[in-house]
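Can you keep this structure in mind? I'll have questions shortly.
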Amino acid sequence: FGYCLIYKPTYYFTHPLDFLKLWDGGMSLHGGVIGVIVALWWFARRHHRPFLQVSDLLVPVVPVGLGLGRIGNFINGELWGRPADPSLPWAMVFPQVDNTPRHPSQLYEFLLEGVLLFVLLALYDRRHPATGALSGAFLFGYGVFRFTAEHFREPDSYLGVLGLGLSMGQWLSLPMILAGAALWWWSRRQGLRRRAEPALASAHE
């Protein structure tokens, strides 16, 4: 739904049945984030837990999934990078596109959104930040790393570069950066320290 509504709203509103063609569509990470937030809200409400407490437990491992997803993009030869200087040692040719050496942007995102973000969140989590601060740090960190990686990623052919020379991915990352910074600032200002809680998986009340 994120892909349909964000990337091709005109097409899908004029072809509504194509919403159901999951085999013929795309995926939008930003749309997925919205879906995960809704699922977390439902889970927290069902188990009578504070939403930010639940999200703080989840976000430290999210980069693992993001990183594996980018490896999958690389193996599938999709979401390739922009043309690179042929002298760049790690420039790669994606034969399904053309014979132009390109940035392996999938690997850039694996290293940034997967490895580096995982390490930074793990280190920050060890400091036992206030409730919500870890979730804010994730939103901010992912937004910054995705915005950076988009400089090397080929924009979608049907969109190209949008206003101010930014891609759709970069425009969608800006709200995440702002929301993450705001949540991090708010949580630290509130000073709600995380308390030891029983494992969520065993919560039945």
Side-chain angles (χ1 to χ4, degrees), residues 1-16 18-37 59 62-118 120 138-182:
F1 277 106
Y3 174 82
C4 296
L5 297 177
I6 296 174
Y7 285 86
K8 291 185 174 181
T10 302
Y11 173 82
Y12 283 100
F13 278 122
T14 55
H15 301 78
D18 284 1
F19 268 104
L20 304 177
K21 296 181 179 180
L22 302 181
W23 60 90
D24 192 33
M27 291 188 293
S28 165
L29 190 282
H30 297 90
V33 168
I34 297 174
V36 170
I37 290 175
V59 295
V62 171
V64 176
L66 294 175
L68 292 175
R70 296 310 179 191
I71 291 294
N73 294 147
F74 180 73
I75 293 173
N76 289 336
E78 58 197 15
L79 305 182
W80 49 82
R82 304 188 189 200
D85 187 332
S87 64
L88 187 69
W90 55 85
M92 299 181 180
V93 172
F94 294 88
Q96 74 277 20
V97 184
D98 51 30
N99 292 319
T100 302
R102 294 176 176 273
H103 288 281
S105 57
Q106 312 97 322
L107 299 184
Y108 296 173
E109 293 191 66
F110 162 72
L111 293 173
L112 290 174
E113 303 163 12
V115 178
L116 183 56
L117 186 58
F118 175 81
L120 292 177
F138 166 78
L139 287 174
F140 180 84
Y142 175 80
V144 169
F145 290 150
R146 175 66 182 270
F147 187 93
T148 302
E150 285 281 334
H151 283 294
F152 304 97
R153 178 171 160 178
E154 183 74 21
D156 296 290
S157 58
Y158 54 89
L159 290 175
V161 177
L162 306 178
L164 301 180
L166 302 180
S167 67
M168 176 63 83
Q170 289 175 311
W171 277 111
L172 294 175
S173 295
L174 290 177
M176 295 185 68
I177 295 172
L178 295 176

Exercise for the section: Quick one: pull up CG in Leu68 and CG in Asn73 and give me the separation to the nearest 0.5 Å. Expected result: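 Going from the CG atom of Leu68 to the CG atom of Asn73 covers 11.0 Å.
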
Exercise for the section: Verify, without hydrogens or angle tests, whether Ser105 (side chain) and Leu79 (backbone) share a donor-acceptor contact under 3.5 angstrom. Expected result: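 Present.
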
Practice task
Show your reasoning for whether side chain to side chain contact (heavy atoms under 4.5 Å, CB included) applies to Leu117 and Val62.
Solution key: CA-CA 9 Å; Leu117 186 58; Val62 171; over 6 Å; no

Exercise for the section: Taking the side chain as every heavy atom from C-beta outward, state whether Arg102 and Val97 have any atom pair closer than 4.5 Å. Expected result: yes

Practice task
Please test Gln96 against Trp80 for side chain to side chain contact (heavy atoms under 4.5 Å, CB included), starting from the C-alpha separation and ending with a verdict.
Solution key: CA-CA 10 Å; Gln96 74 277 20; Trp80 49 82; 4.1 Å; yes

Practice task
Compare all side-chain heavy atoms of His151 with those of Gln170 and state whether any distance is below 4.5 angstrom.
Solution key: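 Of all side-chain heavy-atom pairs linking Gln170 with His151, at least one is under 4.5 Å.
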
Practice task
Would you give the length of the straight line joining atom CD of Glu150 to atom CG of Leu172, rounded to the nearest 0.5 angstrom?
Solution key: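 Going from CD on Glu150 over to CG on Leu172, the span is 9.0 Å.
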
Problem - Validation row: Val59, Leu139 side chains within 4.5 angstrom (heavy atoms) - result: no

Problem - Interatomic spacing from CZ in Phe110 to CG in Leu116 - rounded to 0.5 Å - result: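 Going from the CZ atom of Phe110 to the CG atom of Leu116 covers 11.5 Å.
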
Practice task
Mind checking the CZ-CG spacing from Phe94 to Asn76? Nearest 0.5 Å is all I need.
Solution key: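 Separation between the atoms: 11.5 Å.
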
Practice task
Over all heavy atoms of both residues, which pair between Asn99 and Val93 is shortest? Give the atoms and the distance, please.
Solution key: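 So the two residues come closest at CA-CG1, 3.7 Å.
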
Problem - Distance, nearest 0.5 Å, that separates CG of Leu66 from CD1 of Ile71 - result: 12.0 Å

Problem - Glu154 versus Pro83, closest heavy-atom pair with distance - result: OE1-CD, 3.6 Å

Exercise for the section: Look at Arg70 together with Glu109 and state whether they make a salt bridge at an N to O cut-off of under 4.0 Å. Expected result: yes

Handout entry: Parallel, tilted or perpendicular: rings of Phe152 and Tyr108 (30°, 60°)
Key = perpendicular

Exercise for the section: Keeping the roles fixed (side chain from Asp98, backbone from Thr100), state whether a donor-acceptor pair exists under 3.5 Å. Expected result: yes

Problem - Geometric class of the Tyr142/Phe138 ring pair [parallel <30°, tilted 30-60°, perpendicular >60°] - result: parallel

Practice task
Kindly check if the number of other-residue, nucleotide or ligand heavy atoms within 6.0 Å of CZ (Phe140) is above 12?
Solution key: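 Not buried by this count: 12 neighbours or fewer within 6.0 Å.
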
Exercise for the section: Search all heavy atoms of Glu113 against all heavy atoms of Pro63 and return the closest pair with its distance. Expected result: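 Taking Glu113 first and Pro63 second, the nearest heavy atoms are O-CB, 3.3 Å.
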
Problem - Within-4.5 Å side-chain heavy-atom neighbours: Leu166 and Phe147 - result: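 In contact.
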
Handout entry: Side-chain heavy atoms of Arg153 within contact of Arg146, under 4.5 Å
Key =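 Arg153 vs Arg146: side chains touch.
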
Problem - Smallest separation among heavy atoms of Gly143 and Met176, with atom names - result: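 Answer, listing the atom of Gly143 first, then Met176: CA-CB, 4.4 Å.
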
Exercise for the section: Taking all non-hydrogen atoms of both residues into account, name the closest pair between Trp171 and Leu164 and its distance. Expected result: CH2-CD1, 3.7 Å

Exercise for the section: Identify the heavy atoms of Met92 and Pro104 that sit nearest to each other, and give their distance. Expected result: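 Shortest heavy-atom separation between Met92 and Pro104 comes out as SD-CB, 3.8 Å.
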
Exercise for the section: Check the pair Leu88, His103 against side chain to side chain contact (heavy atoms under 4.5 Å, CB included), reporting the backbone distance first and the verdict last. Expected result: CA-CA 9 Å; Leu88 187 69; His103 288 281; 3.7 Å; yes

